[in-house]
Amino acid sequence: MDKKITVIAGGVIGSSFPIVFALGGYNVVSYNKWKEEEEKVKEYIDNALNTLVNQKIFTSEEKNSILSRISYTGNIEEALEDVYYVQECLPEKYEIKQEFIKEFEKYAPDEAVMGSSTSGLLISEIAKYAEKPERIIGAHPYNPPHLIPLIELAKGEKSSDEAIKIAKEIFEASNKEPIVLNKELKGFVSNRIQAAVFREVISMVLDGAVSMEDADKAVTFGPGIRWGIMGPGLIFELGGGEGGIETLLKHIGPSLESWLEDLATWTEIPEEAKEKIPDMVAESLKNRPKEIGNDRKSLLKYRDEMLLDILKLHDKF
Ligand SMILES: NC(=O)c1ccc[n+]([C@@H]2O[C@H](COP(=O)([O-])OP(=O)(O)OC[C@H]3O[C@@H](n4cnc5c(N)ncnc54)[C@H](O)[C@@H]3O)[C@@H](O)[C@H]2O)c1
């Protein structure tokens with residue numbers, strides 16, 4: 001594919017993104033302002049691909065072919081010359097992202113699109129000083145982007161549908177699962193869902209209704225395991241039997257409303273949570289058998305290996 005994609009900056013997120021686009025067959029440029037950063041990105045990519053080779057997802061030849069599509073530069077003009085799409089992975093600060101947009105507008109072709117990886121900033125604000133804000137959108141990944149399929153595409157006030165369409169096509173070609181937000185939402189869709197579940201878990205644990213360990217189990221072996229297959233819309237369609245979600249809403253509706261009345265509603269993390277939850281998590285981690293992870297290192301290994309198995313089931317590798 002001769003469309004050039006550039007990934008701006010190589011921190012946690014920017015080190016992983018070149019793999020995403022190279023897997024989609026694009027030629028990717030990783031721009032790093034500092035040489036040491038470029039070296040770190042190369043090391044990250046090599047390690048990430050080695051893990052995938054060790055897990056028999058790619059052969060060494062495939063790894064080399066992916067690597068051959070990624071090039072590096074510390075020269076911003078060269079990074080943006082003839083670029084089709086830019087994935088901006090700069091720190092989460094308006095000034096830094098706005099400053100970059102000046103360079104983007106100076107060196108990139110007029111039709112090029114920029115997706116910001118921002119987790120929480122407003123796209124309209126990021127694009128505030130842009131001459132062509134219509135081509136600036138949000139493209140929010142989940143860490144690490146080369147493994148997690150979800151990408152949340154979001155429009156600012158002035159972003160165009162065309163810019164969203166271009167980004168969506170690129171991510172689909174890269175075997176990701178882009179979703180499109182029709183308006184700016186703090187925390188996008190995924191983080192809001194996580195926040196709602198997390199608040200309720202903390203709340204039930206602090207209330208003494210359930211231990212941290214059992215609350216985690218309830219998510220993993222209850223709704224979580226189903227959510228890894230399909231979302232609550234489709235899950236409840238099945239939950240309603242012949243009548244689908246319509247029947248379910250009628251039957252469960254009144255009970256659901258009484259549960260909702262009882263749910264936590266706080267909007268500031270309670271001090272008690274900051275004091276007690278880390279110890280409770282440490283205790284539950286220690287109690288797990290070694291083979292499913294009982295310290296941070298073994299837990300990470302367990303998560304990543306199982307993640308790859310699930311991704312294979314979803315045909316993502
Ligand atoms: N870390 C996550 O889990 C995560 C998840 C989703 C989205 N994001 C978003 O992705 C973006 C990047 O986050 P991150 O966690 O990778 O941050 P990071 O701090 O790890 O990486 C930012 C990189 O930008 C470089 N940088 C700083 N100033 C620069 C400049 N002026 N010019 C060029 N390079 C510069 C830094 O050296 C650093 O490597 C943020 O907007 C963040 O909100 C992060």
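Each ligand, and each atom within it, is numbered from 1 in the order the structure gives. We number each residue from 1, following the sequence as shown.
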Do the side chains of E111 and R135 get close enough for a salt bridge, i.e. N-O under 4.0 angstrom?
no
Ion pair E38/K35, N-O distance below 4.0 Å
yes
Steps toward salt bridge (Lys or Arg N to Asp or Glu O under 4.0 Å) verdict (K274, E271):
CA-CA 5 Å; K274 294 180 201 162; E271 281 307 312; 3.2 Å; yes
Please classify the [X] to ligand 1 contact at 4.0 Å (heavy-atom distances, strictly less than): side chain, backbone, both or neither.
| X | answer |
| --- | --- |
| A9 | side chain |
| E99 | neither |
| Y142 | neither |

Quick one: look up the protein heavy atom nearest [atom] and list residue, atom name and how far away it is.
| atom | value |
| --- | --- |
| atom 8 (N) of ligand 1 | S119 OG, 3.2 Å |
| atom 19 (O) of ligand 1 | P91 CG, 4.7 Å |
| atom 31 (N) of ligand 1 | K33 NZ, 3.9 Å |
| atom 41 (O) of ligand 1 | E92 OE1, 2.5 Å |
| atom 6 (C) of ligand 1 | P141 O, 3.4 Å |
| atom 17 (O) of ligand 1 | V12 N, 4.6 Å |

Using a side-chain heavy atom cutoff under 4.5 Å and only I, L, V, M, F, W and Y, what cluster partners does I225 have?
none
When you measure from [atom] to each heavy atom in [options], which option holds the nearest one?
| atom | options | value |
| --- | --- | --- |
| atom 11 (C) of ligand 1 | L90, I96, T118 | L90 |
| atom 23 (C) of ligand 1 | G11, S190, G74 | G11 |
| atom 16 (O) of ligand 1 | N32, I13, I126, I8 | I13 |

Give the atoms of ligand 1, by number and element, whose distance to some non-hydrogen atom of [X] is under 4.0 Å.
| X | value |
| --- | --- |
| W34 | 26 (N), 29 (C), 34 (N), 35 (C), 37 (O) |
| G10 | 39 (O) |
| N143 | 3 (O) |
| H140 | 6 (C), 7 (C) |
| K97 | 40 (C), 41 (O) |
| C89 | 12 (C), 22 (C) |
| E37 | 25 (C), 36 (C), 37 (O), 38 (C), 39 (O) |
| S117 | 7 (C), 8 (N), 9 (C), 10 (O) |

Checking side chain to side chain contact (heavy atoms under 4.5 Å, CB included) against E88, which of Y31, F100, F104 comes through?
F100
For a quick test of reading the model, state the closest non-hydrogen atom pair linking K4 to E78 and the distance between them.
NZ-O, 2.8 Å
Heavy atoms of S119 and N191 approach each other most closely as O-ND2, 4.5 Å
Mind checking what makes ring pair (Phe, Tyr, Trp, His ring centres under 6.0 Å) contact with F188, not counting sequence neighbours?
H140
Ligand 1 contacted by F100 (non-hydrogen, < 4.0 Å)
no
Tell me, please: is K40 in heavy-atom contact with ligand 1, that is, under 4.0 Å?
no
Do K102's NZ or CZ and the ring of Y129 fall within the cation-pi criteria of under 6.0 Å and 45°?
no
Would K3 and Y84 count as a cation-pi pair here, with the cationic atom under 6.0 angstrom from the ring centre and within 45° of the axis?
yes
Should we count NZ of K40 as having more than 12 external heavy atoms under 6.0 Å?
no
Heavy atoms from other residues, nucleotides or ligands near CD of Q194 exceed 12 (cutoff 6.0 Å):
yes
Can the ring centroids of F21 and F171 be said to lie less than 6.0 angstrom from one another?
yes
